[in-house]
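Report on the following structure.
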Amino acid sequence: MGYLEALNERQLEAVLKVDGPMMVIAGAGSGKTRVLTYKIAYLMEQGVDAFNILALTFTNKAAREMKERIADIVGPSEAKNISMGTFHSVFSKILRYHSEKLGFPNNFTIYDTQDSRSVIKAIIKDFGLDDKVYKPATVHGRISSAKNNLISPAAYEQNAEIIGEDRIAQRPDLFRIYKEYVKRCFQSGAMDFDDLLYNTNVLFRDYPEILHFYQQKFKYVLVDEYQDTNYAQYLIVKKLAAVYENICVVGDDAQSIYSFRGANIQNILNFKKDYPDFTQFKLEQNYRSTKNIVDAANSVIARNQDQIKKDVWTSNDAGEKIDIIRCLTDNEEGRVIANKIFDWKQAKGLDYQDFAILYRTNAQSRSFEEALRKLNMPYKIYGGLSFYQRKEIKDLIAYFRLAANPKDEEALKRVINYPKRGIGNTTIDNVVVAARKYGVAVWDVLTDFKVYPVDISVRAQNTIRDFVTKIQSFTLRLDTTPAFDLANDIASSSGILKDLYDDKTPEGVARYENIQELLAGIKEFTVSQPENEIATLSDFLVDVALLTDADQEQEEDKNKITLMTIHSSKGLEFPYVFIVGLEENLFPSQMALNSRAELEEERRLFYVALTRAEKKCTISYVTSRFRFGQQIFAEPSRFIDELDQKFIHHINRMEGNTGGGRSLNSYQRPSEYAKPQSRSETGFKMPTQRNLKPLKSATTSSGKHATTVPLKVGYNVVHERFGKGKVTALEGKAPDQKATIFFPRVGNKTLILKFAKLEVVD
DNA sequence: ATCAAGGCTTTTTTT
DNA sequence: AAGCCTTGAT
């Protein structure tokens, strides 16, 4: 049990408490994962059977990593018997096992967001509703939050408050859409993400013997990131733990950032109500970050009203202050940060993987990608359009899905005429209308025009018959053929492979390669299966719907700069972190300015971002950026002002003195903002904030001349293009003085100071 | 039935 | 800037 020595007193207490309800409130970087890992290992060493442990994590990746760490302690053969994963993946497996109880096929499809939206869109159209008023995304959000709160369509319709909200929002028919949506999903043998939680609750509610079975199986229940669970998840956990009450939840209310998805901080408060004799542990020592970072983050989060008081502290060094960089445009922001990474990597001998760029929205990644590409620096973007959401991948998987579950209407619609086989929209529409009329799945109509007559041409009927036969031939081989073999056959005989191969545009080539990559992945999946079992395509499909980019990480992705949203950075840490786009209406998001609760969530998000950094945190904002293809002007985020000034340091890049109306600032700054941050003042007013001094008489946009600092041999300077350097020699006198400067990036350069755009670094 | 062109909305975050 | 949808021509 030597590993227990690696724990501090608080952590140790939390690990050693085995039985009964407990809650660990764990500040950022306080070793939460370590506690959870060791706790599970300790349980097993105390004789708890791995089969009796359920550990729920927020991502698949977190589950996998934790499992590996536990395996290191207790051995892989034991570790693999723990039920560990996300709520969605663990309970989708349980649902598959009992699906017939709920009237679903055991190979039910999991609809992703796109599928759900598409179903909803069709319903809105069929109901003759205006899709400007009933936006599919909004409607889906409404349905999703109903499900997350376990409100059935019937209960929705009865709920005066909800119906009132819909009426006020001019969407009185929403309950009808909800009802129809559930019906269509059921008819398609499909569950959406929310159904995985909702239906688990239905299963446990309606089948006490099944609930009883899992209560006995999962004698120990552990939940990570408890602050981000929603009501449906809360109730699942509560029911499972009702008998033994061996429940351990771990979380940090300050890092609750998923309320848009139904996450409810209330769950933490409910915990006290549900288990009055629970034990609470607080982990407050941060092992991750410097004092500056921890204290700066504390100074921000202190402004939130809703929080459990904590005193997060660290014994680490003070470290450097947080730099705040102003840039003119989003493109410049990309270049400046790419250059910084380049310089710091050189100067400090760092790896690419030491850096992360975090942003509020996925769309911001572009300027960084471009800048990094130009400097030939490897990066990896997480999130955004994931591999599995690409059209060609979804197309091929749709064939797989259809083979496994022909009632899957979204898959059917996707591929019935792709590649083109002459089954046009009119035909499909007619078939769909007929299916609704007969009250059966579209597939049922397609397979039997005698029983379900449809008014379509004989030609179309024949084409459809061929298509149906082809799918049926796939279905027949589903349980007997290894996944890779069948997948390969489907890719060829569906015509997808040829269709993409014939497309010689760069995009087409990339798509073809993506398909090959998917097939290679399936190959790997197939051969990694235990000797005497065959991995079928159905097995592959079970996982694929719930996979994300983070689960796909390749070995070659390891030493790369990380680009991701702050949301996806939760739980991660990096030595050097850049938080970019700190502007009003972007961060905090424009959508989050309607209530204090929303703003506080944005602030928690900022807190999460800050606390990802170990050594150094850098923040940037721009005064002008492109949005929807249009240039918009931006003001610095209020969050910048909320940081205690003690811990930050403003850097304003100086311009050259070429003059001439270049400045965007001159018309950017409205009067209310002609104050401290204004470029010629910030960084000069407060001596404590000064770190970069202008060297040559740089003319600012307002026409003022900045102070001139004499240059000396040995000074460190920053050049706009060459980056950081050291002055090795000086010759001549001003105004024609020249300096020889060694730049690690480009070697020695002799520059005429009059022209060189240099800044001196203290 | 298919394809090209033009117009329109979109960006908050994710299992 | 890009994807989606409608429209209109073939």
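Naming: A, B, ... by sequence-line order, numbering from 1 per chain. Side-chain atoms are counted along with the backbone in the values below, which use heavy atoms only and exclude waters and symmetry mates. It should be emphasised that the depicted structure is a prediction, and the values quoted were computed from it without experimental measurement.
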Which of these nucleotides, [options], is closest to any side-chain atom of [X]?
| X | options | value |
| --- | --- | --- |
| A:Thr361 | B:dT14, B:dT15, B:dT11 | B:dT11 |
| A:His567 | B:dT14, B:dT11, B:dT15 | B:dT14 |
| A:Lys132 | B:dT14, B:dT9, B:dT15 | B:dT9 |

Both conditions, 6.0 Å and 45 degrees, for the charged tip of A:Arg96 above the ring of A:Phe108: are they met here?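 Here A:Arg96 passes the 6.0 Å and 45° test against A:Phe108.
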
Does B:dT2 have OP1 or OP2 sitting under 4.0 Å from an N or O in the side chain of A:Asn417?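 For A:Asn417, the contact criterion (side-chain N or O under 4.0 Å from OP1 or OP2 of B:dT2) is met.
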
Between A:Thr565 and B:dT14, is there a side-chain N or O to OP1/OP2 distance below 4.0 Å?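 Result: yes.
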
Taking CZ in A:Arg459 as the centre, count heavy atoms belonging to other residues, nucleotides or ligands within less than 6.0 Å. Is the count above 12?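 Not buried by this count: 12 neighbours or fewer within 6.0 Å.
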
Ring centroid separation A:Phe260 to A:His567 under 6.0 Å: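 Yes, close enough.
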
Salt bridge between A:Glu409 and A:Arg184, side-chain N to carboxylate O under 4.0 Å?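 No salt bridge links A:Glu409 with A:Arg184.
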
Need one value for A:Thr426: base, sugar-phosphate or nothing, where a base atom within 4.0 Å counts as base even if backbone is also close, heavy atoms only.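 Touches sugar-phosphate only.
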
So what does A:Asn362 touch, heavy atoms closer than 4.0 Å: a base, only the sugar-phosphate, or nothing?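 Since only primed, P, OP1 and OP2 atoms lie under 4.0 Å of A:Asn362, the category is sugar-phosphate.
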
Donor-acceptor side-chain pairing of A:Glu225 and A:Gln227 below 3.5 angstrom: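 There is such a pair (donor and acceptor under 3.5 Å, judged by atom type) between the side chains of A:Glu225 and A:Gln227.
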
Reading nucleotides 1-10 of chain C from the 5' end, what letters show protein touch, with B for base, S for backbone sugar-phosphate only, - for no heavy atom under 4.0 Å? B--SS-----

